[in-house]
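Here the structure is laid out as structure tokens; the discussion comes afterwards.
Side-chain atoms are counted along with the backbone in the values below, which use heavy atoms only and exclude waters and symmetry mates. Here the structure is a predicted model, which is why all the values come from computation and not from measurement.
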Amino acid sequence: SLLLPYSELLTLGQHSVAASIFSANIQLWFESGYFDSEAKLKPFLHLWSLGVEEQFYILWPILLLFLRNNRRLKTILPLMILISLFAFVYTYGEDPSAAFYLLPFRMWQLGLGAYLAVVPQKKSFPLGALSLSGLILALFLSVDVQRHYVIPMVTFFSAGVIHFSGEGGLLKILSSRFLIKTGKISYPLYLWHWPLISFLHLKDVALTPVYTGCVFLVSLLFASLTYEFVEKPLKKKFPLSTETDHKKVFSVGIFVMIFPITVFAWISDGMFFKAGSEIRELAKLKNNRILWVTRLQNMDLQYPILAEV
């Protein structure tokens, strides 16, 4: 709250609460529109992906109950993946925000991982070659095609390349000590990187190569410290059976610490006590553009910058 202007605290509180109940992606989808602020000004924007993942993890066990037969699962799941993929491609042209944020149009990515988990991993030169060809094509298309189309293709074919490459080669590279250590801090790195970038944008700091490098190094530092002094102590104090269980405990701890603060920021209307009375009155008119602009024009002597908005 010390780093953010009061006008951003309400939004931050809403995003935090939504993330806590696995619906940040839905909240961000509802916000998309004429009065939506720029994505780079939302410190918790990156939590949309956690919303999609958690919603999938809720539905996945239910799907397994209905498709108990492994053969049936291997038949139905690829069909669902293809339907979701085609829905994503079609919807992106009609409603990009829905295609980006909502689970039905993202399910194919998570479903692909789930499908590969139930398919025995074995070396297959034809499928590996097909996946590699698709990956090269996707990278080639990235020059001319919008990245929202290309990035899912890269994800899709990269998974195929890894899965069908067999036990050696690529898997040996991915099992190197450096990449394993990187993987251990990947979750806290994911949590830290975007808020740092967003705070720079909120302070009107341009992301020059120097600042980008600084953000990268600071993100690595914070991620490493989080892993060493938060995740590892939790693992020792609460010995659990799997890495997934440790991440659940870590997530619950973060929730317990942050949730009360974010709820307060929300119910206090963005901590408006930090703002002057005229600014508070102006903010109440944000959904009525005519009155909002009129009031801005009347404030031009005291707030000349606002009058130019």
Side-chain angles (χ1 to χ4, degrees), residues 18-19 22-34 36 39 45-165 170 190:
F22 314 136
S23 60
N25 57 319
I26 299 174
Q27 171 72 25
L28 290 163
W29 175 59
F30 278 131
E31 289 178 1
S32 60
Y34 188 85
D36 187 24
L45 177 74
H46 62 316
L47 298 183
W48 72 268
S49 61
L50 286 183
V52 173
E53 289 177 28
E54 296 298 339
Q55 291 158 23
F56 178 81
Y57 296 149
I58 292 171
L59 295 176
W60 177 241
I62 300 173
L63 180 63
L64 291 178
L65 287 176
F66 283 99
L67 302 175
R68 295 179 184 178
N69 186 292
N70 197 40
R71 182 178 299 178
R72 188 185 305 171
L73 180 65
K74 292 180 181 179
T75 303
I76 299 298
L77 188 55
L79 181 61
M80 295 176 63
I81 292 171
L82 289 175
I83 292 174
S84 176
L85 175 59
F86 285 121
F88 168 80
V89 173
Y90 173 79
T91 307
Y92 188 79
E94 301 294 325
D95 188 350
S97 295
F100 185 85
Y101 286 120
L102 300 184
L103 175 63
F105 313 109
R106 289 288 188 171
M107 194 282 289
W108 65 271
Q109 292 174 292
L110 295 163
L112 176 63
Y115 178 72
L116 294 179
V118 299
V119 175
Q121 186 172 5
K122 59 182 180 180
K123 190 171 184 178
S124 173
F125 180 78
L127 293 176
L130 180 63
S131 299
L132 182 60
S133 300
L135 177 59
I136 294 173
L137 176 62
L139 294 174
F140 178 76
L141 289 175
S142 64
V143 178
D144 298 315
V145 182
Q146 293 188 40
R147 64 184 180 92
H148 294 297
Y149 283 109
V150 176
I151 290 177
M153 292 173 61
V154 172
T155 304
F156 190 92
F157 290 116
S158 296
V161 170
I162 295 171
H163 190 77
F164 296 114
S165 64
L170 185 59
Y190 158 78

Nearest heavy atoms of F105 and A98, plus distance in Å: CD1-O, 3.2 Å
Pairwise distance OG(S23) to CG(L28) - rounded to 0.5 angstrom: 9.5 Å
Spacing of CZ belonging to F100 relative to CH2 belonging to W48, to within rounding of 0.5 Å: 4.5 Å
Minimum-distance pair of heavy atoms, taken over all atoms of L47 and A24: O-CB, 3.7 Å
Test item: W108 and V89 side chains (from C-beta on) under 4.5 Å apart, heavy atoms: no
Heavy-atom donor-acceptor pair, Y190 side chain to H46 backbone, under 3.5 Å: yes
Nearest atoms (heavy-atom pairs only) where Q55 meets I26: NE2-CD1, 4.0 Å
Residues forming a side-chain contact (heavy atoms from CB on, under 4.5 Å) with L64, sequence neighbours excluded: W60, L73
S84 versus P104, closest heavy-atom pair with distance: OG-O, 2.7 Å
Nearest atoms (heavy-atom pairs only) where F66 meets R72: O-NH1, 3.4 Å
N25 CG to L45 CG distance, which is reported to the nearest 0.5 Å: 11.0 Å
CE-CG distance between M80 and L112, expressed to the nearest 0.5 angstrom: 13.5 Å
L102 side, atom CG; T91 side, atom OG1 - distance, nearest 0.5 Å: 9.0 Å
Interatomic distance, I58 atom CD1 to L63 atom CG [nearest 0.5 angstrom]: 14.0 Å
Main-chain N/O of Y101 paired to R106 side chain as donor or acceptor, under 3.5 Å: no
